[in-house]
Every structure is written in C-alpha cells, then in structure tokens.
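Only a predicted model underlies this, so the values are computations on that prediction, with no experimental measurement involved.
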Amino acid sequence: MKIIDEKGRLFGKVNLIDLAVVLILVVAVAAVGMKLFGNKAVSAATSQQVTLTYEVVAQDVPQHVADYCTAHVGGQLLSSGKLLDGSITDCQAVEVVEGDTTRTDLYFTIEVNTAFSNSTYSVGSQEVRVGIEHLVKTSDIEVEGVVSSLEVEAHG
C-alpha cells in the first residue's frame, strides 16, 4: 500500500490539502486559546494557598480615628466592595513624642487567607510586601500605612 495514492490521499483515505487546512485551524485555535487563557492557566497552576499574617503601621493618625480603630478590632477586610477571607486581628495605638509634638501611630495586625501567585502575595487588589504602602480597609475603617512585617504559613 502506498503512503500517497494517485489522487493525493494519505493512505488512500485523507486528502493532503484537507489535512493541511485542519492542521492550520488547530494551530490557530491553540494560539488564540493560549493568548486568551494562557496566563490564567499558568497562574492557576502555580498558585499556592497561604495564610499571611502581617503588620501595617499607620503614622500620625488623628486621635479619634485611632480610638475607633482600637475599639473595632476584628473587622473583615474589604476590597473593591467585596469581603475578603481575612480580618484585623489586633490594633494598637502608640503615642510618639518628638520634641514638643506628640503623634499617634497605629499598628494593625492582619491575618488573611490568600494565594501566592506570580511571585507575589495579593490581598484583594493590593500586593503585600514589607515596605510597600497598604490600605487597611473594612466596612467601617480605611487607614493607609506601610507593611512592616510579614509571616507566611503555607497550606498543605
């Protein structure tokens, strides 16, 4: 039996032109699929669930805000109008005296379940790294500070 017969069919069954068209279509569909979904598939495959415990320091907070924050520990984190799987577990107010001035700094401790993906920890729309600005936001608190420490506990 010939590989290509006199009518140009492979093994007497498949026309070579039809086979070429089918292969081109398969490659085109695969390329479009990778373009649309490739990063999401790779990201999902490389993400690892973790529990982050981190501290955010907010400097020079008005006293009434500091009083409210320390009295309302336990609030669930919020990002873009959606509740996250995390909360403020502690908030301490510290008075700092510098010469003749006194300011109040807040130390938030936050615990959140999230994923380590694309070499970053994300909490809602924010990346979490020591030294980066971070918005501590619940349904009734919104204070900006800087991440000062970070502990990671990997799951399974």
Side-chain angles (χ1 to χ4, degrees), residues 14 18-156:
V14 180
D18 292 343
L19 181 62
V21 169
V22 169
L23 287 176
I24 290 171
L25 286 174
V26 168
V27 169
V29 168
V32 169
M34 286 300 292
K35 186 75 173 170
L36 293 176
F37 305 110
N39 290 341
K40 292 177 185 172
V42 170
S43 175
T46 60
S47 68
Q48 176 186 11
Q49 287 298 116
V50 297
T51 298
L52 290 182
T53 303
Y54 60 100
E55 184 174 82
V56 175
V57 179
Q59 293 185 332
D60 200 14
V61 177
Q63 190 60 48
H64 69 281
V65 174
D67 293 341
Y68 189 89
C69 290
T70 56
H72 291 85
V73 172
Q76 190 172 2
L77 298 178
L78 184 69
S79 178
S80 301
K82 296 180 182 174
L83 292 172
L84 304 176
D85 186 13
S87 62
I88 299 170
T89 59
D90 191 26
C91 181
Q92 299 292 321
V94 176
E95 285 192 3
V96 179
V97 179
E98 293 177 342
D100 293 338
T101 61
T102 301
R103 72 170 199 261
T104 303
D105 293 350
L106 287 179
Y107 291 79
F108 291 97
T109 303
I110 298 171
E111 187 172 300
V112 63
N113 294 313
T114 188
F116 180 73
S117 181
N118 295 327
S119 301
T120 61
Y121 300 104
S122 295
V123 175
S125 60
Q126 301 181 88
E127 291 184 1
V128 178
R129 291 188 298 275
V130 172
I132 194 170
E133 289 186 2
H134 188 78
L135 187 63
V136 178
K137 187 174 180 180
T138 68
S139 59
D140 56 352
I141 294 172
E142 185 169 332
V143 177
E144 189 169 335
V146 174
V147 177
S148 63
S149 68
L150 175 66
E151 292 180 25
V152 179
E153 179 185 330
H155 295 193

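- Minimum interatomic distance between V57 and S148 (heavy atoms only, all atoms of both residues): CG2-OG, 3.5 Å.
- Expressed to the nearest 0.5 Å, how far NZ of K137 lies from CD1 of I110 amounts to 13.5 Å.
- Ring geometry, H134 versus Y54: the interplanar angle exceeds 60°, so the pair is classed perpendicular (tilted spans 30 to 60°).
- In this structure, D105 contributes its side chain and D60 its backbone to a donor-acceptor pair below 3.5 Å.
- The heavy-atom pair separating A58 from V143 by the smallest distance is CB-CG1, 3.4 Å.
- For the atom pair L135 CG and E142 CD, the distance stands at 4.5 Å (nearest 0.5 Å).
- The CD atom of Q49 sits 12.5 Å away from the CZ atom of F116 when rounded to the nearest 0.5 Å.
- When all heavy atoms of C91 and L106 are compared, the closest pair comes out as SG-CD2, 3.9 Å.
- Note: E55 CD to D90 CG = 8.5 Å, rounded to the nearest 0.5 Å.
- For the pair V147/R129, no side-chain contact is recorded, criterion being any heavy-atom separation below 4.5 Å from C-beta on.
- When atom types are taken as modelled, the side chain of E133 and the backbone of E144 share no donor-acceptor pair closer than 3.5 angstrom.
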What side-chain donor-acceptor pairs closer than 3.5 Å can you find for residues 66-80, not counting sequence neighbours?
residue: D67; atom: OD1; partner: Q63; partner atom: NE2; Å: 2.9
residue: Y68; atom: OH; partner: D140; partner atom: OD2; Å: 3.0
residue: T70; atom: OG1; partner: A66; partner atom: O; Å: 3.1
residue: T70; atom: OG1; partner: D67; partner atom: O; Å: 3.1
residue: H72; atom: ND1; partner: Y68; partner atom: O; Å: 2.8
residue: Q76; atom: NE2; partner: L84; partner atom: O; Å: 2.8
residue: S79; atom: OG; partner: S125; partner atom: N; Å: 3.2

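- T89 places a side-chain N or O within donor-acceptor distance of the main-chain N or O of T109, the cut-off being under 3.5 Å.
- Within the 4.5 Å cutoff, the side chain of V97 has heavy atoms near those of the T102 side chain.
- Partners of Y107 by ring pair (Phe, Tyr, Trp, His ring centres under 6.0 Å), not counting sequence neighbours: none found.
- Applying the side-chain hydrogen bond (donor to acceptor under 3.5 Å, both in side chains) criterion to E153, with sequence neighbours excluded, gives no partner residue.
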